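Below: the structure, in structure tokens.
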Number of protein chains: 4
Amino acid sequence: MQVHAQRFYTAGPSDIAGLEAAVADGTIPPDRIVAIIGKTEGNGGTNDFTRELATVALAQLFARHTGETRAEIEDRVVLSFSGGTEGVTAPHMLVLWQSGEALAEPAADKRLAMAVGYTRAFSAAETGYSAMVEETARVVRELMAQARIEAPEDVHLVQVKGAIPAYAPEEADAAIAAGRPLRSDMVHSRGASALGVGVALGEVDAARVTDDAICRDWSLHSGVASTSAKPGLQRSEIVLFGNSRWWDGDLRIAHGVMQDIIDLPAIRGVLDALDLPCPDGQLAPESGDRLIGVFAKSDADYRHRIRGRRHTMITDDDISDMRYSRCVVAAQLAGVTGETAIYVSTRAEHHGPPGGGPVAMIARCA
Amino acid sequence: MQVHAQRFYTAGPSDIAGLEAAVADGTIPPDRIVAIIGKTEGNGGTNDFTRELATVALAQLFARHTGETRAEIEDRVVLSFSGGTEGVTAPHMLVLWQSGEALAEPAADKRLAMAVGYTRAFSAAETGYSAMVEETARVVRELMAQARIEAPEDVHLVQVKGAIPAYAPEEADAAIAAGRPLRSDMVHSRGASALGVGVALGEVDAARVTDDAICRDWSLHSGVASTSAKPGLQRSEIVLFGNSRWWDGDLRIAHGVMQDIIDLPAIRGVLDALDLPCPDGQLAPESGDRLIGVFAKSDADYRHRIRGRRHTMITDDDISDMRYSRCVVAAQLAGVTGETAIYVSTRAEHHGPPGGGPVAMIARCA
Amino acid sequence: MQVHAQRFYTAGPSDIAGLEAAVADGTIPPDRIVAIIGKTEGNGGTNDFTRELATVALAQLFARHTGETRAEIEDRVVLSFSGGTEGVTAPHMLVLWQSGEALAEPAADKRLAMAVGYTRAFSAAETGYSAMVEETARVVRELMAQARIEAPEDVHLVQVKGAIPAYAPEEADAAIAAGRPLRSDMVHSRGASALGVGVALGEVDAARVTDDAICRDWSLHSGVASTSAKPGLQRSEIVLFGNSRWWDGDLRIAHGVMQDIIDLPAIRGVLDALDLPCPDGQLAPESGDRLIGVFAKSDADYRHRIRGRRHTMITDDDISDMRYSRCVVAAQLAGVTGETAIYVSTRAEHHGPPGGGPVAMIARCA
Amino acid sequence: MQVHAQRFYTAGPSDIAGLEAAVADGTIPPDRIVAIIGKTEGNGGTNDFTRELATVALAQLFARHTGETRAEIEDRVVLSFSGGTEGVTAPHMLVLWQSGEALAEPAADKRLAMAVGYTRAFSAAETGYSAMVEETARVVRELMAQARIEAPEDVHLVQVKGAIPAYAPEEADAAIAAGRPLRSDMVHSRGASALGVGVALGEVDAARVTDDAICRDWSLHSGVASTSAKPGLQRSEIVLFGNSRWWDGDLRIAHGVMQDIIDLPAIRGVLDALDLPCPDGQLAPESGDRLIGVFAKSDADYRHRIRGRRHTMITDDDISDMRYSRCVVAAQLAGVTGETAIYVSTRAEHHGPPGGGPVAMIARCA
């Protein structure tokens, strides 16, 4: 069993020509595609319609080749588009598919393994509370087993598209009256999902993850979570990546945690772990082709400081701090790797320390 | 004779408290200040009033301490504020002053040397044409001699605030009719200034700098120029920095040229030249205090490509590519140096190759 | 023969639910739809993908109901989406369809008439030059005849999506060398289209429309043109609206020209022409239902002045003057009509005097 | 005793040339100036430094002419600058000064009267709570008496710059623990100030203004308040305008309340009250000179609807809804009055109904 990954640079959110050609010539079997992760050139906010446009275009592609409806595709394949290609970021999509059968016995070396799953549906009252953390943790553990990843240290990236169930205004009022206001919002959904990942992998002590601690005690965080949230989503979608001796192929994954937004050494550490050398500070071009995917979470430190110095990302009312922080992290990743197809998504509650965030990379073995 | 430099982090464009204190306690003699170079938190565009606010505040400071008027100060001291502290950039100002006398004979080691001067006044018809290139080159050579910098290779940064004389509409019409349209605009003023620097230092072949080549033949460029332009300015102001054996003190300067906007190795090269080590990819904290000033020019490649991959900085109609390119370059400089008081200014016509640009740093000797 | 029009308020660029229902219940015959004109909530600029998303959604609707492909639909139906719902503007689409047969003889009263057509394909060298003006004028006259509109005064709105043929860099260089630089750009395409409308209807003296006058002599303008331009389009698409005694139904159209961006009396004049009373300054609610479509062109006066007073729409580098001018004109139209489904598109070269622009409205007869 | 007012159009935030000339030639006595109300071309947000720049320039003017320090001026003269000249708004300042003595007995006609005052200092715990409402109401009543305005109906504009005392984090934590979280923020300060005005003038029933109702029960509102808030301000500054038979001069004031953001009839009502005719929908040019000041509050309706139709001002993550709402209201005011020197400030908690807001105008008598 192996994971394959191919990166396509796109000319616009609806550009699926590269994937179309790869499907047409048999390189990529559309029915074995498990995830498509991409950056589109929107603003990443409420009025970003580029993600929908990309999804519609891909749904049409699948309809042509597998006959599946858009709903079926959204159910079977993880479509994870993040709007915002600030600065150097090249719009692109990474297509992941699987082939082969499970190994009869473990190999000597670990290779990229993955699994996809879903939590149960959440009620609005559970979202952003401990119940969401626990259920997320349960599924993460299940996916780890399913992917036959033996140790938590072998998990390097857990992407969660978190649930945000809709609710009636009366439900919100009743919750306030009951002293337990709804947290069915982006911030709490992302935060609870990230803590769920952290609890499952032992990064976070489950006993400390009380309702009060969620989105408040920032000393609790995961270094491999990458969570978003989607209004209207009932259950969370989870893709887990790690390395396992039960998978073959030639891909591996590693991660690190930026302790603040200029923690370039953390980026270098990930490349080191993948045996990707950086003479002169940048990945040598001859090794560049080995780097397949770069994923990071970013945030402008809410304390308005980086290493004690003032930053103005949050006080700039003309440009969102989300756009700045994505731009900053992508620039450093591109500077170190020489590659601009970087997936940085923003808002990183309980993802690494405040102002920092996880970085993961998938690379071909030398 | 030596150059001193002190960096002040500011709480806002009008924050001069740090300098005020340093003047009050005698650390910095206000009458020996020759240049103040800073970043303020505006947008760097037409409606950026933060530079004016900083200038007004500084003029009041000088008025209190030296009795000079604002006009006298703007004439004597180079006030170079660049709006736009995108991303990680910390608003700050670097104050440069001089002390001591010229050395009787050259020392063994070169130290930071500088000189300030002005071109003659330009007519609108000359601006952006060869006449501006030549006069700029003449003054650059003069300043080099004045600073007793012996070789062009020892010049590492030439900041020019370029003239843009006003003109009457009739003058513009007459110029078009005569087949030689006015170039009294930001683009051509910056471009001609940069070529003037390049010609003076032998980076650019004077014979190739025809009127047609200005802002068209991008193969011509300087690696040490840093030019801006100011509508209404009659003559260009020039500050030249280099290393000379005729100066003492403990500062040195070096530079490099980013070949594209993600040329992190070029940044590393400058640190190497200043003996500033980067174990793990970032300047070690214990060496960080030695780094006094970081200056760069940025631009989003007009060909919409970085190493063959698409970037969207120019096609984003919500955020100016100027803000993006400053953010990108500052992020990489901060990532490598660990310092966020970075001076990046944008629009880099004939400053290094298209999409790239010069980087200079001033550091204390070990 | 009559024109029918129905307005649908949309919940997003891809929201076609209203039209879908109207088609499903037989209210609107999809094969008789001739134009869909709408506002989507993008920025109206290069990176506005909302128009594409709306088009894709409509193409899927037609595919389901008429079996036509997207190319067939884009060829048969004028899809005119303008991005940018600044300020009060409600995202919406206006669907226009036809029914019935040509009248045997003219009626006593004029009713809304329309015709759709195309210019021949333009070369890049023709675009923005007199050739484009002339061909546009020819088609406008043809459409007038086709719609059986007897007098130029009865034409009230001519929407043109203007051609901008692609070209090779060598073609551009050759054109410059030949002293006739290409004008295959948005500005010149829109300007030439508008002048074509003006020439056809006698608003502009054809003799004065020299190549030099295009996008330079702003005293030449049409009061009924509404032109845009689309890179890659080979031929211009034209929809002409007017009143004719050869059409029946209950719709009528009228127009006026704002002399500057605050010419509210011009707006009032259009309502007067349609017998829509404004007691207290605003269309009375009981008459509001009669107003079906409101169309305008906007521009921030390039002279930075409105009635002698400074405006800052152009010097604001944070927000495009296009967004401001649309917001301003829509606000006034909404203030006078009480309706927020307003179609304002921007950039109005040769559309009314500089800083002003045409306003047209379609209303049901009392 | 009379109030004089003169409007100056400005070329930039620091442009005080007009006032300087008027002071120099004796037209305006600087020591009798009581208020300067203006619009500057910033973004009206956290990083808007245009207000500070205007204040610094005015302080220098006063220093030259009256010898007062900036602190003295800020204490004696109400300097009320609002950033954001969106759309048609002309940057300008309105200077108000007084002359003469109190009338011995009331005149037949009422004329513009005004008074300036301050609340006591607030603690952080009081801000945004009933205590602030009550103290504001007390001072408003006092100013009404001081200005000899006899009936609440004669008060037409009460500008409040509301206090926002600083506080220690511990104070905030203790307040949360005590079940009474601090409201020392912009929203609550503005809201409490507006309710204070409403209570003083009988617009709002004091009994209904409980702590819970502040910034929650939007059915409570004032039609003459115009409140802002300033972090760090200890006491609120209040300027009250009305008409009184105890004042002479030739100025009068009137107001109306826009029930939603497109309530143009409310604007017309204010002009009617001042006998300013609008043939064709716009104030006739010959009457235009009589209009001296136009003041309004704006807000994008938080329910995302205007008369049942969707607006996108709040879901647009590229441009702040504050900028949109100011642009919209200013456009309509300019359309009706023909004047672009309009003072619209945004965020209008408890100022008229949600989505609407007060409009006041000062005009010369015919």
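The shown structure was predicted, so the numbers you read here are calculated from the model rather than taken from an experiment. Numbers restart at 1 for each chain; the letters A, B, ... are given by sequence-line order, proteins then strands.
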* What distance separates D:L61 CG from D:S14 OG, expressed to the nearest 0.5 Å? -> 12.0 Å
* Structure fact -> Among D:A90, D:A330, D:A300, D:G87, the residue with the most heavy-atom pairs under 4.5 Å to chain C is D:G87
* Does any heavy atom of chain D fall under 4.5 Å from the side chain of C:R310, the backbone, both, or neither of them? -> both
* Report the C-alpha distance between D:S345 and D:S82 in whole Å, list the side-chain angles of each, state the deciding distance to 0.1 Å, and finish with yes or no for side chain to side chain donor-acceptor pair (under 3.5 Å). => CA-CA 6 Å; D:S345 87; D:S82 163; 5.0 Å; no
* Would you mind checking which part of C:E86 comes under 4.5 Å of any heavy atom in chain D, side chain (CB onward), backbone (N, CA, C, O), both or neither? => both
* Structure fact -> Of all heavy-atom pairs linking C:S298 and C:T346, the shortest is O-OG1, 2.9 Å
* **Contact residues of residues 251-284 of chain D (partner chain C; heavy-atom separation under 4.5 angstrom)** => D:I261, D:I262, D:L264, D:P265, D:R268, D:D280, D:G281, D:Q282
* Asked: What is the distance from atom CZ of C:R309 to atom CD1 of D:I342, rounded to the nearest 0.5 Å?
  -> 11.5 Å
* Asked: Looking at D:R51 and D:E41, does any basic side-chain N land under 4.0 Å from a carboxylate oxygen?
  -> no
* To do: Write down the atom of C:E339, the atom of C:R7, and the distance for their closest heavy-atom approach.
  => OE1-NH1, 3.5 Å
* In terms of heavy-atom pairs under 4.5 Å with chain D, which of C:N43, C:T10, C:T315 leads? -> C:T10
* Under 4.5 Å between any side-chain heavy atoms of C:L79 and C:L58, yes or no? -> yes
* **Candidate pair C:F295 and C:I362, rule side-chain contact (heavy atoms from CB on, under 4.5 Å), full reasoning** => CA-CA 9 Å; C:F295 311 90; C:I362 294 174; 3.9 Å; yes
* Structural part of C:T85 lying under 4.5 Å from a heavy atom of chain D -> both
* Structure fact -> Scored by heavy-atom pairs under 4.5 Å with chain D, the best of C:A341, C:A334, C:P91 is C:P91
* How far apart are the closest heavy atoms of C:V88 and C:T340, and which atoms are they? -> O-CB, 3.3 Å
* Asked: Rounded to the nearest 0.5 Å, how far apart are CD of C:E20 and CZ of C:F8?
  -> 10.5 Å
* To do: Return the orientation label for the C:H311 and C:H304 ring planes: parallel under 30°, perpendicular over 60°, tilted otherwise.
  => parallel
* Are there residues of residues 318-329 of chain D that reach to under 4.5 Å of chain C by heavy atoms, and which ones? -> D:D318, D:I319, D:R323, D:Y324, D:C327, D:V328
* Asked: Are side-chain N/O atoms of C:Y343 and C:S226 paired as donor and acceptor at under 3.5 Å?
  -> no
